[in-house]
> 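Can you read through this structure? Questions will come right after.
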Amino acid sequence: MFDPKHEPRNTNHETPMHYEIRELKDHVGEIVDVRGWLYNRRGSGKILFLQVRDGTGTVQAVMGKNDVSEAEFNIGKGLGNESSVIVTAEVKTEPRSPIGVELHVKKLNVLQDVKDYPIQISEDVPNIDWLLDRRHLWVRSKVPHAILKVRSEVVQAIREFYYQRGFVLYDAPIFTPASCEGVSTLFEVPYFDEKAYLTQSGQLYGETGAMAFGKVVVFGPTFRAEKSKTRRHLTEFWMVEPEVAFLELDGIMDLAEDQVRYVVTRALDKCKEELKILERDTSILERVAERFPRVSYGEMQGVLQKLKADFAASGDEKLVKLSGDILKNGLGDDLGAADETAVGIHYKRPVMIHRYPSEVKAFYMKRDPADPNFVLCVDVIAPEGVGEVIGGGQRADDLKYLEEQVIKHKIPPETIDWYLDLRRFGSVPHGGFGMGVERCVQWITGCEHVRETIPFPRTIYRTKP
RNA sequence: UCCGCGGUAGCUCAAUGGUAGAGCAUUCGACUGUUAAUCGACAGGUUGCUGGUUCGAGUCCAGCCCGCGGAGCCA
C-alpha cells in the first residue's frame, strides 16, 4: 500500500535499507544506508567521527581504523566538509548522542570529495551580506535551516487554518493593470505592446471572491518597489489575505486574532527543535494564548503619551532613547517604528490597533459611522520590535463614496471600474486583512533580519543568487 | 531622498604617523570517544579607488565607489 510518509525505496533486501536520519532511532541494531553530506569531521589517527546530515537531522558516524579497509579510512580522514556520502553502518544506541543513536560504519561510499567548502561551521552570523551572496549553500547551515523549517510549518499552518474554516483558496494575478492602492511604488514590466505591474496586494481580487464564495483566502507573492532599507522590508514577500462577505470590523479582528494564535501555537508545538537551535526565548510567544488587547488609535495616542513619559523617566538608557522618538509623527498621523516598538514593550504580546484617521489609510477603507474622521481598520502589531504583521479592515461598500475616493486619489477610472462593479451588483459589508508571512516568521524565530526568513530574499540591492 | 556607521588575510577583528598582526577556516602532521574536539607547523595581504600632506600614510586631508543600520513608506 502507498505510504505517504515514505519516499519510494530500494526494496532489494540484499542491499541495506535506506533511512532518513530522523528515523534512525527506530532501527537500532539494523544495518542501514544513510545518504547525505559531511557536516563536520573530527578524529584521531585511529578513529574518525563523521557528522553526516541529510536535511532531516545530523548523526555521528564512527569509523574505527579496523572497521573498514585502510584505503577507506584514509579517504574518510581527508574528506572535506559537504562531501556527499552514502554510509553503510549499524545503528547503535549512544547516550552521548543528541539523537540517542550513532552509526558504526561498515562501508563508506564517497560520491564526491569536496575541497574548500566556502562556509565555515559557526553559530554566529557575522556578515549576513557575505553569507547571502552564498545563500544557495548557506541554507545547509544550522541556523538558516531551522528558520526555513519554521517558515514551512507557518505556511502549512496558515493553509490548514483557512481550510478548516471553509475558506476557498482564491489565487490573485501577479500581473496587474495598475496600482491597487495608488500610492506605493509598483514594479513595471513590459507586457507585449503594453505595460503591466507586479501585484502589491491581492486584496481587490479577494473581494471579488468574497462576493462569489463568501469566504476566500488569497495566498501568494507580493512585490513592492519601495526603497526601504530596514530589517523589516523585502521587495518580494508572501502575503496571506483572507476576505469575507458580511464580516464587520469586530469579526475581522476575531479572525486575525484566531489566525495569529493558531499559527504561533502550531509553530511552538511543531518546531521545538528548531526554536531551540535558534535559542528563541518563547515566553512572549506563549502569551498569544491570552486575548490580544484591542485599542483604538485615539486611545493609543494617550497610551503612547504615557509611555513616552514613563520611558524618559525610567533611567534605562535604551528606553530613554526610544522615548525621544515616540509620537514623533505627531497626533493624527500614522504610528512610526518607535511607536510600534513601545507598544510591544508595554503589552508584551500582539496588539490590535483599530480605527486610524482616514487620511493615513487606503482609499477603500470604510468610514467609521460613529466618527467619519476615522476608518474601520485594524493593524496587528507584534512585539519585540517586529512591528506591523497584519493590516486590514472593513471595506467601503457604498458606491457613491468609493467613486469619490477614486477621484480624490486620482486613480484612473478605467483601471478600477471592475472593482466598483462589486458595489453595483449586490454590495454587502465585508472585509479582511493581509499578513506578511516573513514578518510572522521573523517574530516566531526571533530573527534580526526579515531577509533570513525566505530562501532567496529580494531587497533593493539584491536580486542574486 | 535624508541621517549615522563602516571598508585591513577566505571570515571576525587588532595595529600613538615609524618592519602588516591575532583568532577561526584552509593545507600538512600527532592523538581510539570527539561534540564548533584539542595540540603543533606551514601558508595566506595592491589595507575599497584616485589624488594630496609628509623623510615616512592602514592611520591625516579631499573627492569618489561600495556596503550596513535607521528614518520615511509599508506587511
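Chain naming here is simple, since letters A, B, ... match the order of the sequence lines and numbering starts at 1 in each.
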> Using only side-chain N and O atoms of A:R231, determine if any of them is under 4.0 Å from OP1 or OP2 of B:rG70.
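Looking at the OP1 and OP2 atoms of B:rG70, one of them is under 4.0 Å from a side-chain N or O of A:R231.
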
> Looking at the side chain of A:R439, which of B:rC74, B:rC11, B:rU26 is the nearest nucleotide?
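The listed nucleotide nearest to A:R439's side chain is B:rC74.
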
> Classify A:G45 by what it touches in the nucleic acid, base, sugar-phosphate, or nothing, heavy-atom distance under 4.0 Å.
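The answer is base, as A:G45 lies within the cut-off (heavy atoms under 4.0 Å) of a base atom.
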
> Hey, can you tell me if A:Y262 and A:F161 have their rings parallel, tilted or perpendicular (30° and 60° cut-offs)?
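Plane angle between 30° and 60°, so tilted.
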
> Base, sugar-phosphate alone, or nothing: which one does A:E236 contact when heavy atoms must sit under 4.0 Å apart?
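Touches nothing.
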
> Looking for any heavy atom pair under 4.0 Å, which part of the strands does A:I390 touch: base, sugar-phosphate only, or nothing?
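The residue A:I390 makes sugar-phosphate contact but no base contact.
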
> Between A:F363 and A:Y419, how do the two ring planes meet: parallel, tilted or perpendicular, split at 30° and 60°?
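Perpendicular.
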
> Look at the rings of A:F223 and A:F187 and say which category their plane angle falls in: under 30° parallel, 30 to 60° tilted, over 60° perpendicular.
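It falls in the perpendicular class, over 60°.
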
> Looking across every strand, which nucleic acid part, if any, lies under 4.0 Å from A:D325 by heavy atom: base, sugar-phosphate, or nothing?
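Here A:D325 touches no strand at all.
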
> Could you check whether the side chain of A:S228 and the base of B:rC74 have a donor-acceptor pair of N or O atoms closer than 3.5 Å, going by distance alone?
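Not at all, since no donor on one side and acceptor on the other fall under 3.5 Å apart.
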
> Taking 4.0 Å as the cut-off, does a side-chain nitrogen or oxygen of A:R232 come that near to OP1 or OP2 on B:rG72?
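Checking A:R232 against B:rG72: no side-chain N or O falls below 4.0 Å of OP1 or OP2.
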
> Any side-chain heavy atom of A:F167 sitting closer than 4.5 Å to one from A:L255?
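A:F167 vs A:L255: side chains touch.
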
> Output one line per pair: protein atom, nucleotide atom from nucleotides 43-47 of chain B, and distance, for all N/O pairs under 3.5 Å.
none

> Applying the salt bridge (Lys or Arg N to Asp or Glu O under 4.0 Å) criterion to A:E82, which one of A:R53, A:R41, A:R134, A:K115 satisfies it?
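For A:E82, the salt bridge (Lys or Arg N to Asp or Glu O under 4.0 Å) test succeeds with only one of A:R53, A:R41, A:R134, A:K115, which is A:R53.
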
> Measure distances between side-chain N and O atoms of A:E102 and base N and O atoms of B:rG33, and say whether any donor-acceptor pair falls under 3.5 Å.
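Present.
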
> Which nucleotide, if any, forms a Watson-Crick or G-U wobble pair with B:rC68, using both distances under 3.5 Å?
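The base-pairing partner of B:rC68, which may sit in any strand shown, is B:rG4.
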
> By nearest atom, which of the nucleotides B:rG70, B:rU32, B:rG69 is closest to the A:T230 side chain?
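Ranking B:rG70, B:rU32, B:rG69 by closest atom to the A:T230 side chain puts B:rG70 first.
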
> Taking the P atom in each of B:rA15 and B:rG56, what is the distance between them to the nearest angstrom?
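Pairwise P distance, B:rA15 against B:rG56, rounds to 25 Å.
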
> Atom pairs, N/O to N/O, protein against nucleotides 23-25 of chain B, distance under 3.5 Å?
from   : atom 1 : to     : atom 2 : distance (Å)
B:rC24 : O2'    : A:Q120 : NE2    : 3.0

